[in-house]
Asks: 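Here's a structure for you.
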There are 2 protein chains.
Amino acid sequence: MLQPAITRAITEAVLDEWAAHGYARLSMEAVAKRAGVGKSALYRRWPSKQEMAIAAISEFSVARAVVPDTGALRTDLRETLDALMEWLTHPRFSRILPDLVAETARNPELAGVVAAMIGTPRRERATVMFRRAIERGELREDTDLELVQDLLAAPVYWRLTVRAAEAEPGYLDALADLLLRAIGAQDGEQK
Amino acid sequence: MLQPAITRAITEAVLDEWAAHGYARLSMEAVAKRAGVGKSALYRRWPSKQEMAIAAISEFSVARAVVPDTGALRTDLRETLDALMEWLTHPRFSRILPDLVAETARNPELAGVVAAMIGTPRRERATVMFRRAIERGELREDTDLELVQDLLAAPVYWRLTVRAAEAEPGYLDALADLLLRAIGAQDGEQK
DNA sequence: TCTGGACGATACGGAACCGTCCCGACCAAA
DNA sequence: TTTGGTCGGGACGGTTCCGTATCGTCCAGA
């Protein structure tokens, strides 16, 4: 009975406000105002600010999946890095993400949602990608995937988000080269 | 004329409150109470909350320097990683840091202080370390230090802080191995 | 002994915000 | 045409907090 268009407008407003001011300063009044909506519309949908925020996060993290499967590790890697870069450059997500990292350290409930909605699916997709590379003989069977995963996303997050530096065009290529060398990837043709 | 012991107590309280609740929820009242001090003591020292917070950050980032110089890149690298791990496991710093990352994206003045107090000195020290390795012939002269720096701190930050996962004992060793392979380090003896 | 400044405590005005409540307008289904 | 639920708007009590102001106390230096 609640109008979906209004729910959508509110969710958008939450994400915008979140990106602009951070979770701690997220105010119901500001969200309602930005959405062009009465506060009643918010409390008709969620019992509290935290519930509303969690709903918005669940929404925004959905469905940006797709496991790259180009047939070679190098190109799979590049596609993953490209997607990551896009994610971390997006004007909204790139501002919400570090805020989320800081907040999850203090808010277990939020931490659970973030892990379930973002962390876990991302890692699962990357694992599929690496397993395919192992099957193709591009990676040793005993490769420490846990460790390799850290090397995949970490440098991009570090550069773009933590250091707030930009990444010049060739950056992802150079990074992919380094990663392939680090994990001792074999060309599929070679032994 | 202001009592240094009280200034110190306040700074400690700021950092504790910051670690516990985050910058956005940092309250002057709570700081004063935790320090066992009147609010007047705070405003006698700093004109506002932001100034006080910036002073506290400048304090806490000071002097944890030391460029490792063991004579070999591998061991230098390990010492750097050890120091980084300690830093990111410290109960106070590890909670303030992600909050700082999130806040700097919104607060240019804070961003400046953090860059000057933490980012820049850290990178300069790492650069010294890599230059020594180049002089010893352990690294190629045209190594992209910018890129290598990302690979050094990023994985540890990613694992400990972003993912909030623990690092088992052998983790730093395995990471150092990977890094050395990635940057194509030569043993000093070899050509 | 006098005195100025820092000290802890606390009251204050003003602002922001949470969550509740109530209003009249609107609309779709009965 | 009636009715039930959502809509935007906004008042409300209660809380938290900022930054200022005002106490009486304490102490070091003149």
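Throughout, protein chains are lettered first and strands after them, A, B, ... in sequence-line order, and every chain is numbered starting at 1.
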Asks: Heavy atoms of chain B, cut-off under 4.0 Å: which first and last nucleotide of DNA chain D, 5' to 3', fall inside that, if you could look?
Replies: D:dC17 to D:dT20
Asks: Quick one: the side chain of A:K49 and the base of C:dG19, do they pair up donor-acceptor inside 3.5 Å?
Replies: no
Asks: Please name the pair of heavy atoms, one in B:I118 and one in B:L100, separated by the smallest distance, quoted to 0.1 Å.
Replies: CD1-CD2, 4.3 Å
Asks: Report the residue from A:T80, A:I183, A:L84, A:L175 that forms a side chain to side chain contact (heavy atoms under 4.5 Å, CB included) with A:L152.
Replies: A:T80
Asks: Are any of the side-chain heavy atoms of B:L42 and B:V37 separated by less than 4.5 Å?
Replies: yes
Asks: Donor-acceptor pair, B:R45 side chain versus B:A41 backbone, under 3.5 Å?
Replies: yes
Asks: Within this structure, what is the OH-to-C1' distance between A:Y43 and C:dC22, rounded to whole angstrom?
Replies: 16 Å
Asks: Give, ordered by number, those residues of residues 12-35 of chain A having at least one heavy-atom distance below 4.0 Å to an atom of DNA chain D; if nothing qualifies, reply none.
Replies: none
Asks: Nearest whole angstrom, please: distance from the P of C:dC17 to the CD of A:Q50.
Replies: 18 Å
Asks: Please report the distance, rounded to the nearest Å, between CE in A:M1 and C1' in C:dA30.
Replies: 12 Å
Asks: Are more than 12 heavy atoms from other residues, nucleotides or ligands located less than 6.0 Å from atom CD of B:E86?
Replies: no
Asks: Hey, is CZ on B:R131 packed in by over 12 heavy atoms from elsewhere, all under 6.0 Å?
Replies: no
Asks: Does any donor atom in the side chain of A:D150 or B:Y171 lie under 3.5 Å from an acceptor atom in the other side chain?
Replies: yes
Asks: Rounded to whole angstrom units, what separation is found between the CD1 atom of A:I6 and the P atom of C:dC27?
Replies: 12 Å
Asks: Atom CZ of A:R44 and atom C1' of C:dT20: how far apart are they, to the nearest Å?
Replies: 13 Å
Asks: Who pairs with B:E29 by salt bridge (charged side-chain N to carboxylate O under 4.0 Å, His left out), at least two apart in sequence or on another chain?
Replies: B:K39
Asks: Rounding to a whole Å, what distance do you find between B:L42:CG and C:dT10:C1'?
Replies: 15 Å
